[in-house]
Amino acid sequence: MKTTKILGLSMTALLSVFMLAGCSAAASDGDAAVNTTVLKVAFNQNASHPQAVAILELSDKLKDATDGAYELELFPDEQLGSQAETIELVQTGAVDMAIVAGPLMEAFNADFAVLNLPYLYDSAEHQMSVLNEPDVTGDLYSSLAETETLSVVGAYHGGVRNVYTVDGPIETPADLAGQKIRVIASDTNVSMMELMGGVGTPLAQGEVYTAIQSGVLDGGENNELIFADLAHSEIAPFYSYTKHLMIPDYLVANSDVLAAFSDADRATFDSLFAESVDSELAAFDEMVVAAKTKAEAAGAEFNEVDIDAFRDAVAPLLKDKINNDVTQAIFDKIEAAR
C-alpha cells in the first residue's frame, strides 16, 4: 500500500484547512445549549451536483436525528483541493470527510480495482446493490482503517462514463488511436484507455478544461453532468456513448472521526447515508437529461458506438486485475447479483 501525497497545497492553505476540521458550534435548543460537531466534507464538483445535494440533505437529517450533535458542512468546487489531495487531508484529520472517485482508492489497496473495472455493472441499480452490501464490500472498505486512518462510509452512483473528443466522434477503438484522453489517476484507468485505443492521461479534474483547450489533451471521459457543467462540451463537443465505466464515488472519512460517534449516532449516520444513496441515484437520472440538453445547446453532439468492440478490447484488463482470492470473491458476488 502507498499513501497519496499532497500536491500543490501551500502551507498557509493547509494550516487554514486544519483549523476548519472537526470544529464545534454552540446551537440554541430552547433553554439548553447544544454543542454541534461540524464535520467538513470536501467535494470536487459544484453544489448542484446530486452528490452535493445528497450530502446537504444528509446533514439536515443527521442534525435533527442527533438533536443537534452533528452536522455536515460541504466544501464544493475543489475548495479544499483536488480529490487526491483531500484524501490525504482526511487521513491527517485536517478534513473530516471527502467524496472521491473509486480509482483513487487503488493507491491504498490495489484490491479496490475490482470495483472499477469496465463493463462490470449492468445498471446503476446493480452497482448500488453490491457496493453498499457489507457481505460484498465490507472487508475491503474497512481494510484501510488501521494502516491508513481512512474508512469508506459507502458508495454513491457516479454516472456512466463515456468518451468525448475534440476532432470528431468515436465509433470503434481504432478511432481513439493516438488520442490523449484524460482519465482518473490509477493504473487500471490508464491501462483501460490504452486497451480502448487511446492514450490514458491522468490529470486532476480542475485542470482538464485548460488542457483540452490548449491541445495538451484530445478529450476526456466522464458522465454527462461533468461534460456539461464544466463546459467541456464547448471544447470537446463529440460525446460518444462507449459506456465503458460505472465507477463508484466514495464518501471516505477519517477513522478517528467515525470512532468518536456514539454507537447510536453512528447507527443513525449509517442509516441516513443509506437513504441518501437512494435519493442521489434518483436525482442523478433526472440531471443527466438536463445536462444533455445543456450540452447540446452548447454545440455538443451525442453518438452511439460499437460497444461490443470496446468490451472485447478491455477484456484482458479483467483477467489482469482479478488476480487473487479477495478480488475473485468480490467479482463472483457482483456477477451473481446481475
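Model, not experiment: these values are computed from the prediction. Both backbone and side-chain heavy atoms feed into the values below; hydrogens, waters and symmetry mates do not.
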Do [X] and [Y] come within less than 4.5 Å of each other through their side chains, counting heavy atoms only?
{"X": "L72", "Y": "L39", "result": "yes"}
{"X": "V252", "Y": "V152", "result": "yes"}
{"X": "P237", "Y": "E301", "result": "no"}
{"X": "V153", "Y": "L258", "result": "yes"}
{"X": "F227", "Y": "N162", "result": "no"}

Which value, rounded to the nearest 0.5 Å, describes the distance between [X] atom [atom1] and [Y] atom [atom2]?
{"X": "E71", "Y": "L58", "atom1": "CD", "atom2": "CG", "value": "11.5 Å"}
{"X": "E207", "Y": "S82", "atom1": "CD", "atom2": "OG", "value": "8.0 Å"}
{"X": "S271", "Y": "R266", "atom1": "OG", "atom2": "CZ", "value": "12.0 Å"}
{"X": "K319", "Y": "L117", "atom1": "NZ", "atom2": "CG", "value": "13.5 Å"}
{"X": "Y141", "Y": "N109", "atom1": "OH", "atom2": "CG", "value": "12.0 Å"}
{"X": "I99", "Y": "N44", "atom1": "CD1", "atom2": "CG", "value": "8.5 Å"}

Check the orientation of [X] and [Y]. Use parallel for under 30°, tilted for 30 to 60°, and perpendicular for over 60°.
{"X": "H49", "Y": "F43", "result": "perpendicular"}
{"X": "Y209", "Y": "H232", "result": "tilted"}
{"X": "F302", "Y": "Y239", "result": "tilted"}
{"X": "Y70", "Y": "F261", "result": "parallel"}

Using a strict cut-off of less than 4.0 Å between a Lys/Arg side-chain nitrogen and an Asp/Glu carboxylate oxygen, indicate whether K180 and D218 qualify as a salt bridge. yes

Are any of the side-chain nitrogens in R311 or D308 under 4.0 Å away from the carboxylate oxygens of its partner? yes

Under the side-chain contact (heavy atoms from CB on, under 4.5 Å) rule, what do L230 and V208 come out as? Steps first, then yes or no, please. CA-CA 9 Å; L230 298 187; V208 176; over 6 Å; no

Minimum heavy-atom distance between V277 and A155, given as atom pair plus value: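 In this case the closest contact between V277 and A155 is CG2-O, 3.6 Å.
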
Which atom of A211 lies closest to which atom of L203, heavy atoms considered: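 Closest approach of A211 to L203: CB-CD2, 3.7 Å.
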
If two hydrophobic side chains count as joined below 4.5 Å and joins carry through other members, does [X] share a cluster with [Y]?
{"X": "I170", "Y": "V199", "value": "no"}
{"X": "I212", "Y": "I184", "value": "no"}
{"X": "M246", "Y": "L104", "value": "yes"}
{"X": "Y250", "Y": "V114", "value": "yes"}

So, for F310 and Y241, is the gap between ring centers shorter than 6.0 Å?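 No.
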
Given D249, which of Q51, Q83, Q45 fulfils the side-chain hydrogen bond (donor to acceptor under 3.5 Å, both in side chains) condition? Q51

If the test is side chain to side chain contact (heavy atoms under 4.5 Å, CB included), which one of L318, D332, D111, L140 qualifies with T327? D111

Could you check V163, L195, V314 and say which one makes a side chain to side chain contact (heavy atoms under 4.5 Å, CB included) with H244? V163

Would you say CG of D139 has more than 12 non-hydrogen atoms from neighbouring residues, nucleotides or ligands within 6.0 angstrom? no

Flag for E106-T188: side-chain donor and acceptor within less than 3.5 Å: yes

Polar side chain donor-acceptor pair, Y164 to S233, under 3.5 angstrom: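 No, because no side-chain N or O of Y164 sits under 3.5 Å from a partner of the opposite role on S233.
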
